[in-house]
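Model, not experiment: these values are computed from the prediction. The chains referred to below are lettered A, B, ... by the order of the sequence lines, with proteins before strands, and numbering in each begins at 1.
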Number of protein chains: 2
Amino acid sequence: MSQTQARAVSRAKPGRSRADGARSRGRILDAAEQLLSERGYAGTGIAAISQASGLPASSIYWHFKSKQDLTGAVVERATERWVEALEASEPGPKAPTDAIVAWISRSIEEMGRRLPFFMRLSLLLGLELGPREPALMERLRRGRVLIHRVVRGSLERVLAAEGIPVDAGLADEIARLAMAFSQGAFISGVLEPESIDPGRIPEYIETGMRAIMEARMAEVTS
Amino acid sequence: MSQTQARAVSRAKPGRSRADGARSRGRILDAAEQLLSERGYAGTGIAAISQASGLPASSIYWHFKSKQDLTGAVVERATERWVEALEASEPGPKAPTDAIVAWISRSIEEMGRRLPFFMRLSLLLGLELGPREPALMERLRRGRVLIHRVVRGSLERVLAAEGIPVDAGLADEIARLAMAFSQGAFISGVLEPESIDPGRIPEYIETGMRAIMEARMAEVTS
DNA sequence: ACGGACCTGGAACGATCACTACAGAATCGC
DNA sequence: GCGATTCTGTAGTGATCGTTCCAGGTCCGT
């Protein structure tokens, strides 16, 4: 369905051409992304997406074959954007350890703030759907794995480059903990806006990361 | 509505008396709690609660005046249970600092495991409903505040008893961070079961807590 | 100019949504 | 026994759910 890509190639300058399915598809995704991340899967109706995007339900079903399919596309696009933004801000492999640690703590917090859709989508849909929608869950999981890999990769490369003796699992562990904490802090902010000072989140992550790393190093040498 | 409490008082030994509304009410709450914490508010229908509880919809609407009202009662009961369990396991004010810190880290993790309903309810409903259901959100928030207060109280009392110079905000801050992290770890476990070793969560919380506390102490003395 | 691919508009489908009306069964105080 | 209270069972209400059908408009390549 929707070979609009091919058409866009053969017709480089659309000049507001026809009904413009590619643009419509994007608008549907935008509306669905916002509604899904706010109200969840069951709470978001096709009618609401239709109204928010300004397109009739039949258009939604022309571009996507079901609500599930649309949701999957939303998750995929949000994941891609998140990973792109993460990689774009990633420091080089020769950055000092301090810079990497600071980058991780800062960027995780920043992504949660600048791109809240994926954060909310991943948490809300993950909790709501569970094993009853395995296809969607798998998509969500893949997104999280991707992000984890970027974070872990930075840690690993830099620690190795500095000759710090880090076993294979440590970077993995630290990356997971950083993600878990920033998730928790994000939700705390949603539920109790006055709870945790968002500006301090990088500091918390950094302090925690260092403490765990030191504890692990101490274990190894003892 | 539902003066069953009063009846239970006047009739101490019910002996399987009549239709037994109190028991029915409990069954409805049980079913609703489970379904709401699994599928969220929009995803849980009255019909599903009726089926899971074995009672017709009219009984649900005799005990509760709306789905909102029922959800509120579910949240309230789950909160009470959590707080009770927390307080029951709380160490005395004269316990050494180590014991308190260990208790906090262990009990938060344990509550998440033994009473997952409130954790899921609070996160799922909080994310899903947002400002569109202010009454329910307020109930959720109150539950979280209660729990935070218990944790913070333990910290404060012990640190003070040991003469550790802790400014008023530090215990508060540490308690929030411990809750945020355990939330994040809980969700990580839901979304990627293999992600974080649940057995290590207390250790993570403890290490992180100590690191933050030390950092704050260093700030004060410098 | 014409057939066909692309996309929209509107009207419908049965199923399910939260909720209600009401009759009747069970048990109470008296 | 009797009227009243408490709770259940049946059968609905209109609204909204996801989804489908299809006529028709717009633009393409030929």
Side-chain angles (χ1 to χ4, degrees), chain A residues 1-29 31-32 35-36 39-51 53-72 129 132-133 136, chain B residues 1-29 31-32 35-36 39-51 53-72 129 132-133 136:
Chain A
M1 82 198 47
S2 169
Q3 255 95 341
T4 49
Q5 306 275 18
R7 192 184 55 80
V9 167
S10 72
R11 184 84 166 97
K13 51 184 101 159
R16 185 60 87 242
S17 76
R18 138 157 75 169
D20 203 347
R23 156 120 60 206
S24 289
R25 198 184 131 99
R27 278 223 282 260
I28 293 168
L29 282 173
L35 290 169
L36 284 170
R39 317 183 192 210
Y41 186 78
T44 300
I46 297 294
I49 298 173
S50 159
Q51 195 183 346
S53 65
L55 290 157
S58 56
S59 289
I60 297 176
Y61 279 93
W62 190 88
H63 288 284
F64 307 95
K65 68 176 198 278
S66 66
K67 187 183 172 185
Q68 254 195 57
D69 184 45
L70 167 57
T71 307
L129 300 178
R132 268 169 301 119
E133 294 274 4
L136 281 176
Chain B
M1 87 197 42
S2 169
Q3 255 94 339
T4 49
Q5 307 274 18
R7 192 185 55 79
V9 166
S10 72
R11 183 85 167 95
K13 53 182 99 160
R16 186 61 87 245
S17 78
R18 142 154 69 169
D20 202 348
R23 157 123 54 210
S24 289
R25 198 184 131 97
R27 278 223 283 259
I28 292 169
L29 281 174
L35 289 169
L36 284 170
R39 319 188 208 234
Y41 186 79
T44 299
I46 297 294
I49 298 173
S50 160
Q51 195 182 349
S53 66
L55 290 158
S58 57
S59 289
I60 297 176
Y61 279 94
W62 190 88
H63 289 284
F64 306 94
K65 68 176 198 281
S66 66
K67 186 183 171 184
Q68 255 195 56
D69 183 46
L70 168 56
T71 307
L129 299 178
R132 266 168 304 120
E133 293 276 2
L136 281 176

Working to the nearest 0.5 angstrom, can you tell me the gap between [X] [atom1] and [Y] [atom2]?
X     : Y     : atom1 : atom2 : result
A/L55 : A/R23 : CG    : CZ    : 11.0 Å
B/Y61 : B/I28 : OH    : CD1   : 11.0 Å
A/S66 : A/I46 : OG    : CD1   : 8.5 Å

Sugar-phosphate, base or nothing in reach of A/T44, heavy atoms under 4.0 Å: sugar-phosphate
Sugar-phosphate only, base, or nothing, as touched by A/I46 at under 4.0 Å among non-hydrogen atoms: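 Answer is base: heavy atoms of A/I46 come under 4.0 Å of a base.
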A/H63 side chain near C/dT8 phosphate (N/O to OP1/OP2, under 4.0 Å): yes
Phosphate OP1/OP2 of C/dT8 contacted by A/S59 side-chain N/O (<4.0 Å):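 A/S59 to C/dT8 OP1/OP2: side-chain N or O found under 4.0 Å.
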Find the distance [X]:[atom1] to [N]:[atom2] and express it as a whole number of Å.
X     : N      : atom1 : atom2 : result
A/K67 : D/dT16 : NZ    : P     : 16 Å
A/I60 : C/dC6  : CD1   : P     : 20 Å
B/I49 : C/dC19 : CD1   : P     : 10 Å
B/Y41 : C/dC17 : OH    : P     : 13 Å
B/F64 : D/dC7  : CZ    : P     : 12 Å
B/L55 : C/dA26 : CG    : P     : 16 Å
B/I28 : C/dA18 : CD1   : P     : 14 Å

Heavy-atom side-chain proximity of A/T44 to A/T71 below 4.5 angstrom: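 They are not in side-chain contact.
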Looking at the side chain of [X], which of [options] is the nearest nucleotide?
X     : options               : answer
A/S58 : C/dG9, C/dT8, C/dA18  : C/dG9
B/W62 : D/dT19, D/dT6, C/dC7  : D/dT6
A/P56 : C/dT20, D/dT8, C/dT8  : C/dT8
A/Y61 : D/dT8, D/dT20, C/dG10 : D/dT20

Earlier contact from the 5' end, DNA chain D, for B/A57 and A/A47: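 It is B/A57 whose nearest nucleotide is closer to the 5' end.
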Verdict with reasoning, B/L29 to B/F64, per side-chain contact (heavy atoms from CB on, under 4.5 Å): CA-CA 10 Å; B/L29 281 174; B/F64 306 94; 3.9 Å; yes
